[in-house]
Amino acid sequence: MVTNIASPASHFIKEIILEDLKTDKYQGRVHTRFPPEPNGYLHIGHAKSICLNFGLAKEFGGLCNLRFDDTNPTKEEVEYVESIKEDVRWLGFSWDDREFYASDYFEQLFDFAVQLIKNGKAYVCDLTADEVREYRGTLTEPGKDSPYRNRLVEENLDLFARMRAGEFEDGSRTLRAKIDMAHPNINKRDPVMYRILKASHHRTGARWCIYPSYDYAHGQSDSLEGITHSICTLEFEDHRPLYDWFLDALGIHHPQQIEFARLNLTYTVISKRKLLKLVQEGHVSGWDDQRMPTISGLRRRGYTPESIRNFCDRIGVAKSNSIVDISLLEHCLREDLNKRAQRVMAVLRPLKVIIDNYPENQVEELDAINNPEDSSMGTRKVPFSKVLYIERDDFREDPPKKFYRLAPGREVRLRYGYFITCIGVVRDEKTGEIIELHCTYDPETRGGDSPDGRKVKATLHWVSAAQALEAEVRLYDHLFLKSIPGEEEERNFKAALNPDSLVALSSCKVEPSLAQAAPGIPFQFERQGYFCLDAVDSTGGKRVFNRTVPLKDSWAKIEKGEKS
Ligand code: ATP
Ligand code: MG
């Protein structure tokens with residue numbers, strides 16, 4: 001029966017779980033966890049891990065915990081904990097009451113360490129951090145035993161207790177596992193289990209001055225929570241033998257660790273350390289800057305949880321590293337927004353149009369379709385009057401070949417409105433810049449068609465001047481210039497950053513229905529792209545719209561190219 005559970009998008013981790021269910025390895029249980037360290041905001045890579053862990057639990061009727069791996073008090077903060085919870089929830093997943101912290105296990109982890117000391121499997125070492133490194137050896141050379149390796153159990157117990165009591169200076173002693181300094185896997189050359197660090201922890205305060213290493217805490221935390229499948233990224237493959245060693249030495253529940261390839265995206269850095277640097281050096285406005293690949297940045301920009309979950313499904317789960325084209329993420333976003341976004345008209349770079357033969361002071365309410373993909377979204381009224389705005393780009397005084405939009409003497413359609421013909425151009429006397437157009441309209445073409453069957457080659461969007469709302473519109477591009485930002489970016493972000501990643505247009509004109517815009521509600525500005533109201537900067541009557549993504553779909557093109 002279990003073999004039918006796997007969905008068509010199967011992958012090697014599902015296969016492992018199916019096999020474990022068949023052999024009853026964990027009495028039919030599937031229990032995963034998402035284990036972030038609260039030292040930064042979550043990014044799109046974490047979304048892959050969240051979708052995988054919570055998704056597997058859901059698919060197999062199991063559970064997924066949220067566990068904060070908070071073993072490093074100097075880098076961790078409550079702000080990060082709160083943001084992580086908000087992001088996981090927003091992505092659509094629930095951990096119910098299973099919100100755990102490695103710091104909740106500090107007492108138990110200490111007892112486990114005492115047990116290992118008693119069994120002769122751990123010792124207190126007085127080497128400095130530099131010396132420990134020096135003694136460790138290299139990939140090609142074995143390490144050397146620490147001179148403190150053969151301390152007696154009693155002495156180790158005494159010293160470890162005094163480490164905890166705060167008798168020694170930071171960094172003066174460590175507790176190390178006693179494994180094998182010549183082991184081919186460097187992780188098993190007597191790794192550090194505890195270090196002295198007189199730092200206050202965001203949850204345990206000043207209670208502890210020794211903290212477990214990640215490598216010691218992680219596996220035992222999984223075990224204490226009864227995790228069955230401990231899923232992590234490939235860089236932990238070499239740590240697995242160490243995690244296994246601890247679990248076996250302690251004789252406790254043994255989860256199965258499984259490694260998968262982390263997500264990499266073109267034009268994007270995905271690493272909390274690098275993202276923190278972008279924030280600290282002021283290259284972006286914060287973790288939730290609309291150009292950041294963080295969940296909070298994507299949310300603010302207008303991404304939907306559905307589009308991110310769909311993206312995570314599409315990229316799959318593999319065992320070897322690769323780089324995903326960011327246009328696939330954008331494609332998933334468009335697919336979702338196309339279904340749900342209300343169409344509206346907004347003019348980003350306004351050019352005034354006066355319709356000379358239209359009655360002064362007349363305002364008509366024209367019917368406009370909210371979403372051609374979804375008739376249940378209905379229609380709305382848009383006001384039409386004598387003075388309008390169109391997009392500056394939609395007019396050329398001297399139109400090149402294949403430019404079908406407005407030009408002197410030419411007739412075009414105004415969406416949902418009338419056919420208009422340009423009969424005059426007014427320039428600024430000093431600068432020569434075109435400041436307004438004069439047009440005539442054909443009253444017979446109301447709604448957008450001519451009874452005499454006359455055809456026009458272009459349909460323009462527009463906004464009626466008197467009723468238009470003012471708005472700032474922000475257009476975004478990739479934060480980095482190179483498709484694969486490398487190490488040099490880290491050293492010198494400035495050189496690698498795209499100087500045009502943000503273009504802010506301050507005097508845009510949008511149709512009056514956008515008075516009801518609220519953060520989280522997507523709109524399609526006709527002919528331009530998908531937009532949403534910015535949740536942070538739209539204050540005090542100021543309206544700021546983020547361009548979530550332009551209409552043009554480069555992924556669809558790539559896919560077409562591949563197929564043909
Ligand atoms: P970073 O490399 O960005 O600092 P991290 O791995 O240190 O991330 P954690 O808080 O430890 O961040 O990550 C929590 C979980 O998310 C881990 O299980 C980790 O393997 C997973 N994860 C982190 N980055 C990615 C990624 N790019 N793709 C898939 N999973 C990821
Ligand atoms: Mg990590």
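Read the numbers this way: they start at 1 and go in the same order the structure lists the ligands and their atoms.
In this structure, the side chain to side chain contact (heavy atoms under 4.5 Å, CB included) partners of Ser103, at least two apart in sequence or on a different chain, are Asp70, Tyr101, Phe106, His201, Arg203, Thr204. Under the rule for a salt bridge (Lys or Arg N to Asp or Glu O under 4.0 Å), the partners of Glu107 that lie at least two apart in sequence or sit in another chain are Arg164.
When only interatomic distances are considered, the shortest N/O to N/O separation between Arg262 and ligand 1 falls below 3.5 Å. The N/O atoms of Gly45, backbone and side chain alike, include one that comes under 3.5 Å of an N/O atom in ligand 1. Taking distance alone, with nitrogen or oxygen atoms compared against 3.5 Å, Tyr214 stays at or beyond that limit from ligand 1. Below 3.5 Å of separation, one finds no N or O of Phe34 facing any N or O of ligand 1. On a distance-only criterion, Asn39 and ligand 1 share no N/O pair closer than 3.5 Å.
When Leu263, Val317, Asn264, Leu52 are checked for heavy-atom proximity to atom 28 (N) of ligand 1, Leu263 turns out nearest. If you check each of Arg33, His46, Lys272, Glu235 against atom 23 (C) of ligand 1, the one with the closest non-hydrogen atom is His46.
Residue-ligand proximity, Pro35 to ligand 1, at heavy-atom distances under 4.0 Å covers atoms 14 (C), 18 (O). Near Pro36, meaning under 4.0 Å from any of its heavy atoms, are these atoms of ligand 1: 10 (O), 14 (C). Ligand-side atoms of ligand 1 in range of Phe260: 29 (C), 30 (N), range being under 4.0 angstrom from any heavy atom. Ligand 1 places these atoms under 4.0 Å from at least one heavy atom of Thr233: 19 (C), 20 (O), 29 (C), 30 (N), 31 (C).
Within the 4.0 Å heavy-atom shell around ligand 1 one finds His43.
Centroid-to-centroid, the aromatic rings of Phe12 and Phe260 stay 6.0 Å apart or farther. In this structure, the ring of His202 has its center no less than 6.0 angstrom from the ring center of Tyr80.
Checking Asn546, Leu337, Ile521 one by one against Cys532, the side-chain contact (heavy atoms from CB on, under 4.5 Å) holds for a single residue, Asn546.
By the 30° and 60° cut-offs, the orientation of the rings of His478 relative to Tyr267 is parallel. Under the 30°/60° scheme for interplanar angles, the aromatic rings of Phe110 and Trp208 are found to be tilted. By the 30° and 60° cut-offs, the orientation of the rings of His239 relative to Tyr243 is tilted.
For Phe236, no heavy-atom contact with ligand 1 is shorter than 4.0 Å.
There is a side-chain donor-acceptor pair under 3.5 Å between Ser94 and Asp96.
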